[in-house]
Amino acid sequence: MCGIAGFYQNKYDFLAPEYGGRNRKNKWYGTLEKMRDCLVHRGPNDQHVLLYNHAGLAHTRLSIRDIQGGAQPMTASFHGKTATIVYNGEIYNTDELRNSLSSYSLRWNTKCDTEVILNGYLAMGTAFFSRLNGIFAFSIYDHNSGEMLLARDPMGVKPLFYQEHQDTVVFGSEPKAIFAYGVPAEADRDCWNEIFALGPARTPGKGGFKNMKEVLPGECLTFSDAPNAPYYNCQKHFFWSLEAYPHRDSYQDTVEKVKWLIEDSIQRQMVSDIPICSFLSGGLDSSLVSAICQKHLKERGRTLNTFSFDFKDNQKNFQANAFQSSLDRPFAAEMAEHIGSHHTFLECDNQTQADYLYKAVDARDFPCMADVESSMLYFCELVSKSNQVALTGECADEIFGGYPWFHRKDMWNKNTFPWSWDMAARKALLRDDFAHHLQMEEYSQRAYLKTLELTPRCSEDSADEARRREIAWLNVRWFMMTLLNRMDRASMYSGLEARVPFADPRILGYVYNIPWEMKCHNGRTKSLLQEAGKGLLPDSVLYRKKSPYPKTYDPAYERLLAGRLMDMLDRTNSPLSSIVDRRKLEAFLKSPSDYGKPWYGQLMAGPQMLAYFLQVGYWIEKYGIS
């Protein structure tokens, strides 16, 4: 994995003598290096920049494949056409793509996937992007046409932000690269609504900050010279999009195809020139990924490293509820023994989890999933000390219908985001004047309805099936993206590449169209995955009730957060003084925490709300938000 950044405009020359020409003291070289250096955590092994007349490209590399030959930015030529790429990701069908390009008589200098993308573009143009199976975000500068392209993988696993600033479009893997260019970090009402009406989710295509955008999954942007426009023209198109169609396969054929797709995706994503590991919680999703990984590694005489996560003293403090009915540790231990992996149990204590709340904002550049994210950041840091590539079970619940809101019609009928329907909980600590200014209900509702309008639909669906399709689309577009963003930033902040085999467009494209009676066969949640796991997992794990990512149940953690939040609010010029109502906070702290009714998803309840506000305050101060 890597970090990419750069800028583009086509009206003046970055290499002009007044900027320093091609001399390394040229001010634009210095700007590129600042952008690159703030992303070095994403790729600590190698860093380079290139400056052209109308574009600058920066790259920092985490070496996973073709360690000697994959340096970037990479330039290639074909039939008089030259282009340069900076790329972040992994292409899992690299060998097939390379073979498919054999008729073009292209020149090959490396074995890396970067060159496959670049040569594919030179031979076929942007039409080649639809053939890529993988996780990616890249920019290509076409020297002949003077165009710059930005593209992102169909599932949105890899991030790519951009902002049009004065006369230039600036881009980066993370917002911090755009700020390093010199773009100010600003917030407007939409930004505050992203935080309080929708957060930690974020509207697709929006970058959180004022005027910042994000390339959408499966989207390609082409910036080009525009004689009638001030600086450039931008054309957008999707090279991949989710489609709805009638499902004609029998139940048994459906099970077999799902099983094959999952195993094929996992096996493809095991490709690496360095050892891989997996996250193993003892739940169905991660256990299936780990079992298949270990099966293939065992054939090569190797053993998989697996890791599970928990919190200190959770065995003493755990409180079962409707969302989390059991602890992970016994199931993770059973699963590790079953597949014969080399397993490590990792724990996080209260102090570390609270301290990493701020580090999580540093990684995300935005308030995020509170301690659900800070703990993952800490765990990824520990894992990265022994492995640099990890496979995870993310995205299975969104695709296969694992969450309660897929099953409960009372949650369907809220006519809003089913994981975040209680706006009163979101306003619980806000000043009334601030909440009134935001108009949070209206903002959230507009985002919800706009997403529904884009739902890929099938005319043969019944009313219930059509609604379930809407719920699935909402999950893919929103909830899944929140978790993918968390996983990318938490892992890459420590130079750990996290791969998500369930986030394969082939799996999503097929499963999205499977009728609910097959997805939830005989009323069993995620029965298709259970069928795929038969023979690979013990029944105790295969049929275990879903339990989400763990969190601490230690009351001392909530007291720690409460003390820090009160201290922040009591400071002179507190960043939260115009946002948080102190009387509401005091009343909130006196009331018992409700772990059974989260205000976001299944995990973010009372303590996480306190942690979220701490992140907001830290974010305001760090980025100078007013």
Side-chain angles (χ1 to χ4, degrees), residues 197-201 244 247 281 283-285 319-326 369 372 393-426 428 441 444-445 447-449 451-452 455-458 461-483 502 508 511-531 542-551 593-606 608-609:
L198 301 175
H247 185 77
S281 69
L284 173 61
D285 311 334
Q319 300 175 32
N321 58 61
F323 296 109
Q324 286 187 304
S325 59
S326 59
M369 294 190 74
V372 179
E394 298 281 359
C395 303
D397 285 312
E398 291 83 0
I399 295 173
F400 287 90
Y403 295 121
W405 44 82
F406 279 96
H407 304 266
R408 291 173 46 185
K409 287 193 175 183
D410 62 318
M411 301 184 83
W412 289 12
N413 294 330
K414 298 294 184 184
N415 196 33
T416 189
F417 297 110
W419 53 82
S420 184
W421 56 267
D422 187 1
M423 201 60 68
R426 291 178 161 270
E441 290 88 351
S444 176
Q445 190 68 4
Y448 168 77
L449 293 176
T451 308
L452 286 193
T455 305
R457 301 181 185 278
C458 180
D461 286 346
S462 65
D464 276 0
E465 199 68 28
R467 181 56 176 162
R468 282 198 170 96
R469 197 182 287 275
E470 289 180 345
I471 297 294
W473 173 246
L474 288 167
N475 274 267
V476 168
R477 207 64 167 165
W478 286 83
F479 203 80
M480 187 169 78
M481 286 309 309
T482 305
L483 296 180
F502 288 111
L508 173 60
V511 176
Y512 181 74
N513 291 290
I514 297 173
W516 186 250
E517 63 183 13
M518 291 188 181
K519 289 182 186 176
C520 192
H521 192 57
N522 293 329
R524 284 189 291 118
T525 301
K526 291 165 65 175
S527 60
L528 282 176
L529 277 189
Q530 291 173 344
E531 292 295 329
L542 188 65
Y543 299 110
R544 181 191 175 193
K545 184 179 178 180
K546 174 180 169 52
S547 186
Y549 179 83
K551 64 179 181 180
S593 296
D594 189 342
Y595 289 90
K597 294 182 179 179
W599 57 274
Y600 183 84
Q602 302 174 86
L603 293 173
M604 299 181 71
Q608 288 67 44
M609 186 181 295

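In this text, all values refer to a predicted model and were calculated from it rather than measured experimentally.
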Measure across Asn475 and Glu398 and return the closest heavy-atom pair with its distance rounded to 0.1 Å. O-CG, 4.0 Å

Assess, by modelled atom type and distance only, whether the side chains of Gln608 and Tyr600 contain a donor and an acceptor separated by less than 3.5 Å. no

Enter the distance from Cys395:SG to Phe479:CZ here, rounded to the nearest 0.5 Å. 11.0 Å

Between Leu198 and Ser444, does a side chain to side chain contact (heavy atoms under 4.5 Å, CB included) hold up when you go through it step by step? CA-CA 6 Å; Leu198 301 175; Ser444 176; 3.9 Å; yes

Can you give me the closest heavy-atom contact between Pro418 and Met411, atom names plus distance? O-CE, 3.4 Å

Rounded to the nearest 0.5 Å, what's the gap from CZ on Arg477 to CD on Glu470? Could you check? 15.0 Å

Show, in sequence, the C-alpha distance, side-chain angles and deciding distance for Arg426 and Ser420, and conclude whether the side chain to side chain contact (heavy atoms under 4.5 Å, CB included) test is met. CA-CA 9 Å; Arg426 291 178 161 270; Ser420 184; 2.9 Å; yes

To the nearest 0.5 Å, what is the distance between OG1 on Thr416 and OH on Tyr448? 6.5 Å

Residues Met423 and Ala197: closest non-hydrogen pair is CE-O, 4.0 Å

Please name all residues satisfying side chain to side chain contact (heavy atoms under 4.5 Å, CB included) with Thr525, sequence neighbours left out, ordered by chain then number. His407

So, the side chain of Ser281 versus the backbone of Gly283: is there a donor-acceptor pair under 3.5 Å, distance only? yes

Quick one: are Arg467 and Lys409 in side-chain contact, heavy atoms under 4.5 Å? no

Can you name the closest pair of heavy atoms from Phe502 and Asp285 and give their distance? CE1-O, 3.7 Å

Quick check: closest heavy atoms across Val476 and Met481, and the distance to 0.1 Å? O-CG, 3.8 Å

Look up atom OG1 in Thr455 and atom CG in Leu474, then write down how far apart they are to the nearest 0.5 Å. 6.0 Å

Would you say the side chain of Gln445 lies within less than 4.5 Å of the side chain of Asn415, judging by non-hydrogen atoms? yes

Worked check of side chain to side chain contact (heavy atoms under 4.5 Å, CB included) between Lys526 and Leu284: CA-CA 9 Å; Lys526 291 165 65 175; Leu284 173 61; 4.2 Å; yes

What residues form a side chain to side chain contact (heavy atoms under 4.5 Å, CB included) with Asn513, not counting sequence neighbours? Ala244, Tyr245, Arg469

Could you go through Arg468 and Asp461, starting from their C-alpha distance and side-chain angles, then the distance that decides it, and tell me whether this counts as salt bridge (Lys or Arg N to Asp or Glu O under 4.0 Å)? CA-CA 10 Å; Arg468 282 198 170 96; Asp461 286 346; over 6 Å; no

Presence of salt bridge, Asp422 and Lys414, under 4.0 angstrom: no

Without swapping roles, check the side chain of Lys519 against the backbone of Val511 for a donor-acceptor pair under 3.5 Å. yes

Do the non-hydrogen side-chain atoms of Trp473 and Leu452 ever get within less than 4.5 Å of each other? no

With a 3.5 Å distance limit and no angle check, can you tell me whether Trp405 reaches the backbone of Trp412 through a side-chain donor-acceptor pair? no

Glu441 CD: over 12 foreign heavy atoms closer than 6.0 Å: yes

Sorted by chain and residue number, the ring-ring contact (aromatic ring centres under 6.0 Å, His included) partners of Trp478 (sequence neighbours excluded) come out as Phe417

Output all residues satisfying ring-ring contact (aromatic ring centres under 6.0 Å, His included) with Tyr512, sequence neighbours left out; order by chain, then residue number. none

Short side-chain to backbone donor-acceptor contact, Glu465 and Trp516, under 3.5 Å: yes

Can you list the residues that meet the ring-ring contact (aromatic ring centres under 6.0 Å, His included) rule with Phe406, with sequence neighbours excluded? none

Between Met369 and Pro200, which heavy-atom pair has the shortest distance, and what is it? CG-CG, 3.7 Å

List the residues meeting side-chain hydrogen bond (donor to acceptor under 3.5 Å, both in side chains) with Arg524, not counting sequence neighbours, and say none if there are none. Gln530, Glu531

